[in-house]
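What follows is a short report on a single structure.
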There are 2 protein chains.
Amino acid sequence: MNAPQTQAELQESTRDRLLVAAREVFAEQGFKGATVREICRRAEVNVAAVNYHFNGKEALFMAALELEPIQNLIGSADETGSAEQRFARFIREFMLRVMNGGCSPHSQLIMRELLEPSPALDGIAREVLIPLHQHLTQLVRDIVGDGIPAEEVRRCVFSILGQCTYYRNSKEMNRLIYPELKYDEQEIEATARQITGFSLAGLRQLASR
Amino acid sequence: MNAPQTQAELQESTRDRLLVAAREVFAEQGFKGATVREICRRAEVNVAAVNYHFNGKEALFMAALELEPIQNLIGSADETGSAEQRFARFIREFMLRVMNGGCSPHSQLIMRELLEPSPALDGIAREVLIPLHQHLTQLVRDIVGDGIPAEEVRRCVFSILGQCTYYRNSKEMNRLIYPELKYDEQEIEATARQITGFSLAGLRQLASR
DNA sequence: TTGCAATTCAAACAAGCGTTTGATACGCTT
DNA sequence: AAGCGTATCAAACGCTTGTTTGAATTGCAA
């Protein structure tokens with residue numbers, strides 16, 4: 001029974017190849033910029049496959065999103081240690097997933113969605129962004145204590161997420177300004193430490209008021 | 001001689017109306033998402049006007065960019081006061097221009113370019129982003145002193161710009177998460193204070209090492 | 001008024017888009 | 001081998017895109 005049954009299971013199925021290619025192209029070009037023909041060319045399948053296996057470009061986009069990886073980041077958070085330690089771990093995990101140095105285009109896709117709303121924005125907000133904000137808000141609250149107004153905590157969450165996403169989103173642009181900059185794992189770790197240290201300084205200042 | 005000479009000067013010229021509409025639509029939809037027909041519809045001109053007065057969509061985009069306003073932000077910087085005071089003023093000025101609460105779509109357009117590279121990216125980098133980074137780098141350097149390695153200063157600049165751009169770029173998304181959030185002038189000022197305070201804490205920590 | 005260049009316009013153009021079609025090939029059961 | 005549902009394919013569909021065309025209109029000088 002462990003012998004391959006069908007040709008579809010021998011070689012990676014058309015459907016799966018489509019999903020892989022779709023994530024790449026959508027991440028690079030956005031929903032509008034990506035074309036069905038380019039996706040199919042990269043997946044080496046016929047254009048009609050998109051409408052056969054999914055139901056059009058939009059449904060393919062939804063399927064390509066696969067929100068679980070980012071959801072896992074929040075769900076599987078290590079709850080041990082001090083608030084600051086948990087915060088540092090979270091930033092590191094987040095950055096490793098968000099920068100696509102060896103990482104899947106999932107995050108790139110979702111990050112892109114963050115600023116170029118598409119038909120999938122609602123679902124992403126509900127399943128990823130709101131939990132993300134809630135998780136980060138709790139982490140910040142644990143650090144600054146209960147004496148800080150909610151809107152200040154919210155702004156801190158914005159400041160933290162802003163730093164994280166900037167590195168991802170302006171990669172292309174930064175390459176023009178700092179051509180020598182490489183985004184290897186070492187640089188990502190350094191970036192995570194920078195964001196952690198920078199943010200903790202801001203949070204501690206708030207906590208000490 | 002102060003009487004209006006031509007009809008073109010009586011009513012706003014076709015060319016100018018095109019530029020205004022183009023800035024709006026490009027800012028809202030990006031270069032790829034914007035359509036010539038939509039721009040012309042809003043400007044109430046014929047579609048052929050784009051290719052008559054400019055030379056196609058791309059040239060219209062370049063003309064619509066008008067980099068001066070952001071360049072002015074750097075050029076006309078008030079150089080009085082301490083480094084921290086200059087930094088605070090800069091963040092406030094920057095945020096007021098970047099959030100389009102009553103502001104022209106110029107900044108929105110340029111900010112959009114920051115993450116959705118278009119044919120104009122090179123020019124923008126040369127004329128706006130590099131001076132912006134240089135200016136901010138100098139401000140940071142003035143605060144942290146000369147003892148800090150250049151790459152750490154660079155990461156600080158990233159952290160600061162990240163905060164500034166996040167508020168702009170994830171406005172749409174944040175409306176889904178915090179529906180009650182309004183981006184009036186008061187909120188923008190509060191945001192600028194948050195970014196300033198948050199960042200200064202991080203910079204002071206670095207300076208004290 | 002006449003003439004001329006600049007401007008505007010409706011219409012059409014070729015190219016690209018997402019999607020549909022109908023035929024063909026394949027894998028599996030009977 | 002025949003039959004059947006699944007999967008693939010080239011081709012075409014209808015639509016939108018940016019751009020071009022050639023005629024009509026306008027503004028101004030002679």
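This structure is a prediction, so every number in the text was calculated from the model and none was measured. Residue numbers start from 1 in every chain, and the chains themselves are labelled A, B, ... in the order their sequence lines are given, proteins ahead of strands.
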Residue [X], side-chain atoms from C-beta onward, closest of [options]:
| X | options | result |
| --- | --- | --- |
| A:N51 | C:dT20, D:dT8, D:dT19 | C:dT20 |
| A:A48 | C:dC17, D:dA10, C:dC9 | D:dA10 |
| A:T35 | C:dG18, C:dT8, D:dG18 | C:dG18 |

**OP:** With heavy atoms under 4.0 Å as the rule, sort B:A34 into base, sugar-phosphate or nothing.
**Re:** sugar-phosphate
Whole angstrom is fine here: how far is it from [atom1] in [X] over to [atom2] in [N]?
| X | N | atom1 | atom2 | result |
| --- | --- | --- | --- | --- |
| B:E38 | D:dT19 | CD | P | 16 Å |
| B:K57 | C:dG16 | NZ | C1' | 13 Å |
| B:F61 | D:dT19 | CZ | C1' | 19 Å |
| B:E44 | C:dA10 | CD | P | 13 Å |
| B:Q29 | D:dT16 | CD | P | 16 Å |
| B:R17 | C:dT7 | CZ | C1' | 13 Å |
| A:R41 | C:dG18 | CZ | C1' | 17 Å |
| A:L18 | C:dT19 | CG | C1' | 14 Å |

Original post:
When the nearest nucleotide of DNA chain D is assigned to A:Y52 and to A:R37 on a heavy-atom basis, which residue is associated with the more 5' position?
Top reply: A:Y52
Please check the phosphate of [N] (OP1 and OP2 only) for any side-chain N or O of [X] closer than 4.0 Å.
| X | N | value |
| --- | --- | --- |
| B:N46 | C:dA10 | yes |
| A:H53 | D:dT6 | no |
| A:T14 | D:dA7 | no |

Original post:
Salt-bridged, B:R193 to A:E152, with N to O below 4.0 Å?
Top reply: no
**OP:** In plain terms, say whether A:R41 and A:E38 are close enough for a salt bridge, that is, a side-chain N and a carboxylate O under 4.0 Å apart.
**Re:** yes
Original post:
If you find the nucleotide of DNA chain C closest to B:V47 and the one closest to B:R15, which residue's nucleotide is nearer the 5' end?
Top reply: B:R15
Original post:
Does some side-chain heavy atom of A:F54 sit less than 4.5 Å from a side-chain heavy atom of A:L19?
Top reply: yes
Original post:
Is any side-chain heavy atom of B:Y166 closer than 4.5 Å to a side-chain heavy atom of A:Q163?
Top reply: no
Original post:
Does NZ or CZ of A:K57 lie under 6.0 Å from the centre of the six-membered ring of A:F26, at an angle within 45° of the ring axis?
Top reply: no
